[in-house]
Amino acid sequence: MSASPRCDRAFFATDAERLARRLLGQRLVRLVDGERVSGIIVETEAYLGVHDLASHAARGRRTPRNEAMYGDAGTAYVYFTYGVHHCFNLVCGERGEPAAVLVRALDVDAGESAMRRMLPEARRDSTPTRDLCRGPGRLCRVLAIDRTLNFVDMTSSDVAWIEQVRTRVLSRGRIGVSARIGVDYAKEWRMKPLRFFDRASDAVSGSRRLNS
DNA sequence: CGGCCGATCAGCT
DNA sequence: GCTGATCGGCCGA
């Protein structure tokens, strides 16, 4: 666990599809009660902007809930959904342009026992390691990510940040691509190939490895 | 102010 | 594979 540099503003200040690819293989770090809990990002989805009908900011929608999407690149956008789960996004692009990348799965890197403590006792010991951060709701649960992280600047926060483990994007052949999950309502945007995952990881959510 | 439903997950069939 | 959980945001009246 050698220290990698924290990702700076420039790392995030690009379009959502590029950031979604660039994030694969980087480390999401969270400090919870002073303990370092982290995972390597292995699955992401890009949400492009006001024209993307799958985005919370589709058609320029701007409400208190999605306000963070309009912030600076590197801002965390955390929302609560289905009455149960949080989802964690990284804002990208220009300030005022609502684009973001949803982080959907991690390979457990450090703090596994702290992650397990976030689970109900019935599943604390029986859950396979590869499932701990498999899925956007699950990874938020075990990393203690909730709306207190909404609007947090991931380039300067001392409770959550991204470490740049690699400077090169994963090779094209190693990145799987598919339609985004759970956006059946998004008309012609439903099938756009904006989900990206590391083929070498077994922690990709939903066991959905469709398409290329 | 009421009703609908979601960038999901777990548990059951 | 299906479905209920669970609740806050959003929209229409």
Check: A:His56 ring centre within less than 6.0 Å of A:Tyr79 ring centre: yes
C:dG4 OP1/OP2 closer than 4.0 Å to side-chain N/O of A:Tyr82: no
Member of A:Lys192, A:Arg104, A:Arg180 meeting the salt bridge (charged side-chain N to carboxylate O under 4.0 Å, His left out) criterion with A:Glu45: A:Arg104
Selected nucleotide, minimal atom distance to A:His56 side chain, candidates C:dG8, B:dA7, C:dC10: B:dA7
Nearest-neighbour nucleotide for the A:Ile181 side chain, B:dA7, B:dT8, C:dG8 considered: B:dT8
A:Arg65 side-chain N/O to C:dG8 phosphate OP1/OP2 under 4.0 Å: no
Contact under 4.0 Å: A:Arg61 side-chain N or O vs C:dG9 OP1/OP2: no
Nucleotide forming a Watson-Crick or wobble pair with C:dC2, both distances under 3.5 Å: B:dG11
Touch class at under 4.0 angstrom, heavy-atom based, for A:Arg147 against every strand present: sugar-phosphate
Contacts of type side chain to side chain contact (heavy atoms under 4.5 Å, CB included), residue A:Pro64, not counting sequence neighbours: none
Ring-face cation of A:Arg22 near A:Phe11 (centre distance under 6.0 Å, axis angle within 45°): yes
Distance below 4.0 Å between A:Arg138 side-chain N/O and B:dA10 OP1 or OP2: yes
Spacing of the P atoms in B:dA7 and C:dG1 (rounded, Å): 23 Å
Which nucleotide in C:dC7, B:dA7, C:dC10 has an atom nearest any side-chain atom of A:Phe80: C:dC7
Side-chain N,O (A:His85) to OP1/OP2 (B:dC9) below 4.0 Å: no
